[in-house]
Amino acid sequence: MPARKLPRVVRSSSELLATQRARAAQGQILGLVPTMGALHDGHTALIEEARHRADHLVVSIFVNPLQFDRKGDLRAYPRTFEGDLERCAVAGVDTVFAPTVDDMYPDGFDTRLVAGELGRDFEGAGRPGHFDGVLTVCLKLFVLSQAHFAVFGEKDFQQLCLIRRLVRDLGLPLEIVPVPVLRDTDGLALSSRNVHLGKKLRERALCLYQALCTAQDLAADGERNAGRIQRAAQAVLDAAPSFRTSYCAVVDPSSLQPLDLLVPGQLARLLIAGHIGARPGVRLLDNGPLFVGRT
Ligand code: AMP
């Protein structure tokens, strides 16, 4: 990567808030990309989307303990701060906000946002408190960064829906900008957790993309029965050794309610998640739109 000026690293919430307030007062457009670090090209796609919209771009790097229901998962989460800084420098990030846990959640911190119906199923079903933690940290990041907009990936599709709902429900004065799933050349959705996949598991992990493609092809060929599409995708996942499906569902992309029928002109999405490898395994997520072709 070519060398560039490193972004300014801010560790304290109060410093971030003060500097961002001053920038906003000068009329600058402030952008935010929230991340947990271990940055890859998927994050870079979000940063690039934010870069051309913002006068001042903040990337937050914070492995948020509130959103982990298993301590082991939190401990094992990859941390690559120096490399992340380099990547942010190349992508033209102005400020990296990397607070400590104590700074974000000082002694006595006792408040949580609670995700509603949208957070009940899918990731919410298997990970109690996960979305409460996501919403709580994001609201705090929105306030501290004073952002006019924040960029989120469709990779975490339910999270994106919940964040949009948070903004709408609480009337938060910022825009949420979505970015499509960025994939490796073979189709595997990029994820910080992919570093935990050895060569064999990485090959097997392609079953998520293959299941998605199967569903998309069926829909494009005119299949409108969501159950049949879901079962065809599930069969691909079932055939992959050591993959354990958490869910594979055809849903309305706004309400996340299951669909029975795909209707031309109406949006539909396939959501997939599961674990691969020896238990507890590596958690993998994927999703994509289903476009109905004419029969
Ligand atoms: P994370 O660091 O995993 O919490 O992700 C930070 C942001 O990057 C979230 O909005 C994710 O949805 C997004 N993201 C992660 N991987 C990808 C990807 N492969 N394509 C697009 N966005 C992604």
Side-chain angles (χ1 to χ4, degrees), residues 31-51 53 57-69 73-74 76-81 83-85 87-88 91 93 96-99 101 104 118-119 122-124 127 130-142 145 147 149-167 174-197 202 205-206 208-209 212 253 256 269 271-273 282-289:
L32 172 70
V33 179
T35 81
M36 297 205 297
L39 301 183
H40 50 66
D41 288 348
H43 297 108
T44 304
L46 272 58
I47 293 171
E48 282 169 357
E49 181 60 43
R51 181 61 286 174
R53 293 167 178 256
L57 175 56
V58 175
V59 169
S60 61
I61 297 182
F62 180 60
V63 183
N64 175 32
L66 284 195
Q67 71 189 70
F68 286 81
D69 52 309
D73 195 20
L74 172 63
Y77 200 83
R79 288 162 170 86
T80 57
F81 190 70
D84 292 351
L85 265 190
R87 186 178 277 274
C88 286
V93 173
V96 166
F97 178 51
V101 173
M104 286 294 273
L118 262 184
F122 308 117
E123 288 307 290
R127 304 172 71 186
H130 169 67
F131 284 126
D132 300 351
V134 169
L135 294 179
T136 304
V137 78
C138 284
L139 179 58
K140 189 151 183 172
L141 291 169
F142 294 163
S145 68
F149 71 89
V151 182
F152 286 84
E154 289 184 347
K155 164 81 184 357
D156 300 278
F157 195 77
Q158 189 179 14
Q159 168 175 287
L160 172 64
C161 292
L162 277 152
I163 295 288
R164 283 185 151 142
R165 189 62 68 88
L166 164 74
V167 166
L174 89 163
E175 185 192 350
I176 300 302
V177 179
V179 168
V181 181
L182 200 84
R183 301 176 179 283
D184 228 326
T185 44
D186 57 7
L188 183 69
L190 296 182
S191 164
S192 305
R193 294 177 198 269
N194 291 354
V195 296
H196 298 311
L197 299 171
R202 200 198 164 291
L206 285 176
L208 283 88
Y209 181 60
L212 177 60
L256 300 186
R269 201 138 189 127
L271 305 181
I272 305 172
V282 181
R283 180 131 191 105
L284 298 173
L285 266 71
D286 207 338
N287 72 87

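Order of listing sets the numbers, starting from 1, for every ligand and every atom in it.
- Under the 4.5 Å side-chain criterion, counting only non-hydrogen atoms from C-beta, L32 is in contact with L141.
- With hydrogens left out, the protein atom closest to atom 21 (C) of ligand 1 is P180 O, 3.5 Å, a heavy atom.
- Counting atoms of ligand 1 from 1 in the listed order, those under 4.0 Å from a heavy atom of F152 are 10 (O).
- Residue, atom and distance of the protein heavy atom nearest to atom 15 (C) of ligand 1 are H40 CE1, 4.0 Å.
- At the shortest separation from atom 10 (O) of ligand 1 among protein heavy atoms lies G153 N, 2.8 Å.
- Under the 4.5 Å side-chain criterion, counting only non-hydrogen atoms from C-beta, L66 is not in contact with D132.
- Between atom CG of residue L188 and atom CG of residue L208 there is a gap of 8.0 Å, rounded to the nearest 0.5 Å.
- Per-residue contacts place V181 under 4.0 angstrom from the following atoms of ligand 1 (heavy atoms of the residue considered): 20 (N), 21 (C).
- Residue contacts with ligand 1, taken as heavy atom pairs separated by less than 4.0 Å, involve H43 solely via side-chain atoms from C-beta onward.
- For ligand 1, the atoms sitting less than 4.0 Å from at least one non-hydrogen atom of T35 are 2 (O), 6 (C), numbered in the order shown with element in parentheses.
- At a heavy-atom distance under 4.0 Å, only backbone atoms of P34 (N, CA, C or O) approach ligand 1.
- Between F157 and V181 the shortest side-chain heavy-atom distance does not fall below 4.5 Å.
- For the atom pair R87 CZ and I47 CD1, the distance stands at 8.0 Å (nearest 0.5 Å).
- Between L256 atom CG and C161 atom SG the span is 4.0 Å, to the nearest 0.5 Å.
- In terms of polar-atom proximity, defined here as any N/O pair under 3.5 Å, L182 does make such a contact with ligand 1.
- Below 3.5 Å of separation, one finds no N or O of A189 facing any N or O of ligand 1.
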ask   = Given the rule in the side chain to side chain contact (heavy atoms under 4.5 Å, CB included) test, do L285 and K155 qualify, once you have shown the distances and angles that lead to the verdict?
value = CA-CA 7 Å; L285 266 71; K155 164 81 184 357; 4.1 Å; yes
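- Distance from atom 23 (C) of ligand 1 to its nearest protein heavy atom, with residue and atom name: K155 CB, 3.7 Å.
- Contact annotation for Y77 and ligand 1: only side-chain heavy atoms (C-beta onward) come within less than 4.0 Å of the ligand.
- Between Y77 and F68, the ring center distance clears the sub-6.0 Å criterion.
- Here F142 contributes atom CZ and I163 contributes atom CD1; the two are 5.0 Å apart, rounded to the nearest 0.5 Å.
- At a 4.0 Å heavy-atom cut-off, ligand 1 does not touch R183 at all.
- Taking every non-hydrogen atom of L46 and a distance limit under 4.0 Å, the qualifying atoms of ligand 1 come out as 7 (C), 8 (O), 10 (O), 13 (C), 21 (C), 22 (N).
- Considering backbone and side-chain atoms alike, D156 places an N or O below 3.5 Å from some N or O of ligand 1.
- Annotation for ligand 1: atoms under 4.0 Å from non-hydrogen atoms of L190 are 16 (N), 17 (C), 18 (C), 19 (N).
- Taking the side chain as every heavy atom from C-beta outward, R79 and I61 never approach each other to under 4.5 Å.
- Using a 4.5 Å heavy-atom threshold, the side chains of C88 and L39 count as touching.
- Ligand 1 places these atoms under 4.0 Å from at least one heavy atom of M36: 1 (P), 2 (O), 4 (O).
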